[in-house]
Protein chains: 2
Amino acid sequence: MRWARIGAALAWGVSALGAVPPPADPSRAAVQVRAWRRAHEADILREFADLLSLPNLASDAVNIGRNADRIVAMLRQRGLSARLLDGRGGPSPVYGELTVPGARRTVLVYAHYDGQPVDANAWTSPPWTPVLRDRPVEEGGREISLESLPSAVPGEWRLYARSAGDDKAPIIGVLAALDALKAAGRAPTVNLKLLFEGEEEAGSPHMADVLDANRETLRADLWLLCDGPVHQSRRMQVFFGARGETDVELTVYGPLRALHSGHYGNWAPNPAILLAHLVAGLRDEDGRVLVPGFYDDVRPPTEAERQAASAVPDVERALRHDMALAATEAGGARLPERILLPALNVRGLASGHVGASATNSIPTEAQASIDIRLVPDQTPEKVRSLLEAHLRARGYTVVHEAPDVETRRTQPRIVRLMWGAGYPGARTAMDLPVSRAVVRVLEEARGAPVVRMPTLGGSVPMYLFQQKTGSTIIGLPIANHDDNQHAANENLRLQNLWDGIEAYAAILADLDRAWDATLGSATPPGR
Amino acid sequence: MRWARIGAALAWGVSALGAVPPPADPSRAAVQVRAWRRAHEADILREFADLLSLPNLASDAVNIGRNADRIVAMLRQRGLSARLLDGRGGPSPVYGELTVPGARRTVLVYAHYDGQPVDANAWTSPPWTPVLRDRPVEEGGREISLESLPSAVPGEWRLYARSAGDDKAPIIGVLAALDALKAAGRAPTVNLKLLFEGEEEAGSPHMADVLDANRETLRADLWLLCDGPVHQSRRMQVFFGARGETDVELTVYGPLRALHSGHYGNWAPNPAILLAHLVAGLRDEDGRVLVPGFYDDVRPPTEAERQAASAVPDVERALRHDMALAATEAGGARLPERILLPALNVRGLASGHVGASATNSIPTEAQASIDIRLVPDQTPEKVRSLLEAHLRARGYTVVHEAPDVETRRTQPRIVRLMWGAGYPGARTAMDLPVSRAVVRVLEEARGAPVVRMPTLGGSVPMYLFQQKTGSTIIGLPIANHDDNQHAANENLRLQNLWDGIEAYAAILADLDRAWDATLGSATPPGR
């Protein structure tokens, strides 16, 4: 998952509710693979560590190619047909296929093998030197040699390396699930396709082309987006949507050179004040966007989505404590409900100087950086045109390049808007048979409720996958939420990998049956 | 003049209206000193260059002391009694005195011998190596050796050095006026006191103590504040007031650590948006301060002040062109009228990141830096309490230190206010006999109208001088407005020094008579 350009660490210490031990129903694939996994934990970890030892920046052509080649080899070793797709100018996506005789349905597992850039100095051990620790490094975790592992490796141990959580864990997880099913004598009941991307963290600039060029190859009855973390409560989580996004850099102008605020204050327009009014006119203090028409295309949440949102475990209290927030927006409404709506976030303001370097002057310009999260059926194009119309109605001349002096001399109020790329949000209906089947098979595997998120608050290009392949898309992440994703000391909590292997095994072996069952049943209210 | 911490260059190329040549009335001191000055321009410039070659940062104790000693010597050389006052912890102010037998009135000339810090790399020639040029350096001015000057040095030549304009020019100017009067056989008709400060550019932190300790010594019938530039039209300017100021750094808070704007946007409060609303609530887009009670203590301008303001030459059109401002605030009201009012200026905004370094996150805090210009009878204390009451009424908890985590966990909206020191504005009535006498004697000397500014927009501690000494304070600057004051390549246009010498001679020799004359006449309406 590309937590688009977030630099800040998101890890926060919500106390784990702990995994509910699944009941030992011997007919379930999840249970059948457990014994094999327990006997092979050291081998799984060593293969994982080998993969994690390959530097994997999308921009590092040589090493990103070594990752792709290694994964192809890992797939072939297991009897899958595997090859590199044409990256259409970017790193080659790895494509793998396992055709199951007699299978009527196809499941595609998507993950990515590239990782976020690293600030190596901030890491306790080098980012591409995988290190196992018996506790989180922040809590003084001790290093454990991968060469002398105990036969059962404790689930609370963590493997540290770039992409341990985001997003090589699903790759090793699904392959281990295949190994375990084979050992247990259980064949998958669905055809399996694998798509492992090599430039997700760079914004997937070539993915649309890849999808266009491989439309049939990549079509499946179900796409599983295996990226991101499980719920902060440590419960397994399935997500059915993601917000889209667009962003804009907004600049307003004052005098050509900074003017003395004493001699010219009250006379020369102050761009910082104009910007404050402009931003305040975009959104109220409680989250409501004030741009006329902004909510027109918002598809109201379904009753199923509302009910699922309200059933998501409450982590907000702990989060408020950890983030020192005395209150949240919209009268303390639940987080899962708030992210069903679009949002306008000011990610930055800059004008003149503050603090010790402040000068008594009228700044020459003021800038705001804004990201906008979209929900179905909003589009970046429509939002852009609404926002520009709103600014024009407020008397602004809207430009998209730096205005020249002549423009500044003749237009009383100028705002320059620099729009980033964007894409719409997407949602998969939660009451589709396949949606219910995925939840059912995972809950059976876990022996515990699964968190059903109607949507992620963040943005993944689910819309693109939906639109280009016509497949149903559901998100199934396995990494721990406190994996330091995108930051230094990224890690995977081993129990998350163990649980992930069981989840993939359940999907491969048991989904087909559950899917049939949901087709035969009425939609249970509220699920 | 301390153009409080302004880093930006203020020089702008308003075309000079040109100096109107004064008529040759042989009874005027100004005319009488001209011949002497013309014969001694090279000597004056060399003495000035010697003074300018001494580095003069207030914080550079050794060199600032050398400046003070040099000035004491220059005064004594002319027969004035001169000494260093106790700096009360800061550099010693230089005090000089010339008692004139039979004089009934005393005029004190205030200037400062310290200068702004320099960014030496930005200077064309080193800041403390005075260089004469035949045109502005920006226009390719050629260096002229100070050792081989022509007998008459053209008035458009400029002397480059730190403090050439701000504020050593009045020191050399008043001493040259004394020399010239002596040569012309004219004795001053008023007692003269001189006060040259050594830490004005550092904010005069010890001036109140110095004034308290020397109340009687520094009392005068008229204080002339000889600091700052003449009018942008190049006409001589007298100012009768200065705005006061106070400033505040204002911080509002969001989550303790930056949060992903997708996952938590719409839920976690965004401090940049809170700040935008807060700032927009302080001032409208047209300059009007929205803090209740803010204007209550504003003393309305007198009719004389209004008329003087409207008579100030219009430089706004040229300024708007140079600054590329298509419009100004308050429907294009005149600048001299606008600075009769108080002003709230946002000098900086900062939150999160903008542009290429923007991240999709909710910032942890947002900061605004604000300076407020005060007019009589506002006080910093009252304004501070009004602004804080306004923020409390908007639901903010006002703190003055960084709030701890517990405070952030319990107070929904916190604003931290860090107030700088401040002082009130001041105005001297324009229709006092002395006010009219100063204008009259300067207009007679120039043979041309003098710009009468009811107030400077900027802040000088006129209030402090007024309050501590009980004297009448009037500002009489001599430097060119385009002297790059506070910036690199500071300079003095020589004609401004020549005119300044004549102005000081006129004050010393002719003010007493003009003062008497105004006492005998009714106040002309509108002057």
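Throughout, protein chains are lettered first and strands after them, A, B, ... in sequence-line order, and every chain is numbered starting at 1. Values below: every heavy atom of this structure, side chains too, minus hydrogens, waters and symmetry copies.
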Quiz item: At a heavy-atom separation under 4.5 Å, does A/A268 approach chain B through its side chain, its backbone, both, or neither?
Solution: both
Quiz prompt | Distance (rounded to the nearest 0.5 Å) between B/M323 CE and A/L256 CG | solution = 6.5 Å
Self-check item: B/S261-A/R373 side chain donor-acceptor pair, cut-off 3.5 Å
Solution: yes
Quiz item: Should B/L325 and A/P269 count as side-chain neighbours, where that means a heavy-atom distance under 4.5 Å?
Solution: yes
Quiz prompt | Side chain / backbone / both / neither for B/L278 at chain A, heavy atoms under 4.5 Å | solution = neither
Quiz item: Cut-off 3.5 Å, side chains only: do A/N360 and B/E245 have a donor facing an acceptor?
Solution: yes
Quiz item: So which part of A/Q411 gets closer than 4.5 Å to some heavy atom of chain B, the side chain, the backbone, both or neither?
Solution: backbone
Quiz prompt | Interface moiety of A/R413 toward chain B, non-hydrogen atoms closer than 4.5 Å | solution = side chain
Quiz item: Which bit of B/R283 is near chain A, if near means a heavy-atom gap under 4.5 Å: side chain, backbone, both or neither?
Solution: both
Quiz item: Going by atom types only, do A/E285 and B/N270 share a side-chain donor-acceptor pair under 3.5 Å?
Solution: no
Quiz item: What's the spacing between A/H260 NE2 and B/H486 NE2 if we round to 0.5 Å?
Solution: 7.5 Å
Quiz item: So which heavy atom on B/W267 is nearest to which on A/R338, and how close?
Solution: CD1-CG, 4.2 Å
Self-check item: Residue part contacting chain A, namely of B/E316, when any heavy atom lies under 4.5 Å
Solution: both
Exercise. Sort A/I339 into side chain, backbone, both or neither according to what part of it lies under 4.5 angstrom from a heavy atom of chain B.
Key: side chain
Quiz item: Measuring heavy-atom distances to chain A, does B/H353 have an atom under 4.5 Å in its side chain, in its backbone, in both, or in neither?
Solution: backbone
Quiz item: For A/L275, is it the side chain, the backbone, both or neither that has a heavy atom under 4.5 Å from a heavy atom of chain B?
Solution: side chain
Quiz item: If you count heavy-atom pairs under 4.5 Å with chain A, which of B/P342, B/P271, B/A242 comes out on top?
Solution: B/P342
